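To keep things clear, I will list the structure first and then write my remarks on it.
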Number of protein chains: 2
Amino acid sequence: MISATEEDYIKAIFNISRKIKNAMVGTNQIAKEVNTSPASVTDMLKKLKTKDLIQYEKYKGVKLNPTGTKRAVLLLRRHRLWESFLVEKLGFGWDEVHDLAEQLEHIESDELINKLDDYLGNPKFDPHGDPIPDVQGIFTLRNQQLVQHLSVGESGIVVGVKKHDKDFLHHLSQFKIEIGKSISVLEKFAYDNSISVKIDGQKDIMIGAIISENVFVKKL
Amino acid sequence: MISATEEDYIKAIFNISRKIKNAMVGTNQIAKEVNTSPASVTDMLKKLKTKDLIQYEKYKGVKLNPTGTKRAVLLLRRHRLWESFLVEKLGFGWDEVHDLAEQLEHIESDELINKLDDYLGNPKFDPHGDPIPDVQGIFTLRNQQLVQHLSVGESGIVVGVKKHDKDFLHHLSQFKIEIGKSISVLEKFAYDNSISVKIDGQKDIMIGAIISENVFVKKL
DNA sequence: AATATTTTTTAGATTTGTCTAAAAATAAAT
DNA sequence: ATTTATTTTTAGACAAATCTAAAAAATATT
Ligand SMILES: [Mn+2]
Ligand SMILES: [Mn+2]
Ligand SMILES: [Mn+2]
Ligand SMILES: [Mn+2]
């Protein structure tokens, strides 16, 4: 048995571990990610170790072991399938589903999640463009590139975002930038890294660096 | 804020309170319903009282107050909408959804539940024939009657069940008895209260007292 | 009314997850 | 190589929800 809280810690370690590419995850990083004190993290790490979900030595940082990684990937699968359901079926905006999925991901039932997967048509990506692991935990990697790195004249299809917070997503929606939309680069301004682009054939707009550095496209 | 555990106690009080028609609910009854010790119930009753969800005096039993009742009805709404979703959309059997709904009902979001309601087409009854409260907490009463009380020659449509346990529901399914099916009484045997019936125009079968005493029909 | 039974509450512990404050270890700066 | 700063761990406490065993109150029985 693994509690919802333990699952959240596992997920946090997994997420940080990917961001910092490789190596040991620190106590403070986890504390920040799960929004708690470093002392609480240490307590939890001890427990997760006895449950054989992590590799952990005092002061040396932590790393998920294969069992822990499997758990994290399953959790990611659940989270993203629920997000897909909320957006595709219930009509929520992509900026509104994270917190709900954060709760729903802890519902314990493999049958439920697999039926949900089928019901949704076994989607490969969630509403934010993130890959959804299949039953075996395998997920498709997208071939992606930041808008920032498109040259003038080039264009791409939006396939993902680097920032996932509500405000950023909402901001993107206001510019009609969403997964699947096309972006063509008209002009780049080195001064402040702003870019003039055309979204889905609509009229030209200016996007700032925050956007171009955090939106992934697949070059056409 | 009200925790999932507190919600389960509130629901238990509500359910018992309806079964025993009126009056004060006892500590032991609740303990049985939520599967815990009477001592734990007493502790929780004290807490629920400070949260102003119940009317409670030492040794005098407990009763939901208006706020508590509202909570219980909302919970019932959530539970039954999730059950409907699981059966109608995901293809679960009516005997498989209770425990899942028991978890899902605690997801905290009014918007979610209202969108789910709309998505399902605002159903009035759940897969077990139980009424689903609307946003205001109002629910349709069904006009019902036990199969037991049908006379020879009479028939009715199955509209509900009195027992909700997995095994009973599964048993009914084996006889093809489900919500919406028609039942015609061919012959009644006083000796053991068994009844010979025709289900949905299929070939005659014998049903025992356990079934006839726990299946509700609407007389045709 | 007195006794026995059942129901309910208290007392005292335990587990899970959290906190603050202080100590210890590690890393960075001088 | 010391000193300083940062990170991490311990110590000790607390709230939520639970338990068992014992006491108290309410019911039922004789
Ligand atoms: Mn979560
Ligand atoms: Mn997502
Ligand atoms: Mn529940
Ligand atoms: Mn039901």
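Everything numeric here is computed off the predicted structure, so don't read it as measured data. Residue numbers begin at 1 in each chain, while the letters A, B, ... track the order of the sequences.
In this entry the distance linking NZ of A/K32 with P of D/dT6 reads 14 Å, nearest Å. Distance NE2 (A/H106) to P (C/dT16): 18 Å, rounded to an integer number of Å. If you take CG of B/N35 and P of D/dT18, they are 10 Å apart, rounded to a whole angstrom. In this structure, A/I13 places its CD1 atom 12 Å from P of D/dT8, rounding to the nearest Å. Note: OH (B/Y9) to C1' (D/dT18) measures 8 Å, nearest angstrom. At whole-Å resolution of the value, CE in A/M24 and P in C/dA27 are 13 Å apart.
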For each nucleotide in nucleotides 7-13 of chain C, reading 5' to 3', give B when a protein heavy atom comes within less than 4.0 Å of its base, S when such contact involves only the sugar-phosphate, and - otherwise.
SBBB---
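When ring centroids are compared, A/Y9 and A/F14 stay outside the 6.0 Å threshold.
Considering only residues two or more places apart in sequence or on other chains, A/H128 meets the side chain to side chain donor-acceptor pair (under 3.5 Å) condition with A/E83. B/D130 meets the salt bridge (charged side-chain N to carboxylate O under 4.0 Å, His left out) test with B/R142; sequence neighbours excluded. Scored by the side chain to side chain donor-acceptor pair (under 3.5 Å) test, A/E108 finds A/R78 as partners (sequence neighbours excluded). Taking the salt bridge (charged side-chain N to carboxylate O under 4.0 Å, His left out) definition, one finds that B/D134 meets it with nothing, sequence neighbours left out.
Among the heavy atoms of the strands lying under 4.0 Å from A/T36 are primed sugar atoms or P, OP1, OP2 only; no base atom is included.
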N/O donor to acceptor pairs below 3.5 angstrom from side-chain atoms of residues 34-42 of chain A, sequence neighbours left out:
unit_1 : atom_1 : unit_2 : atom_2 : d
A/S37  : OG     : A/S40  : N      : 3.2
A/S37  : OG     : A/S40  : OG     : 3.0
A/T42  : OG1    : A/P38  : O      : 3.3

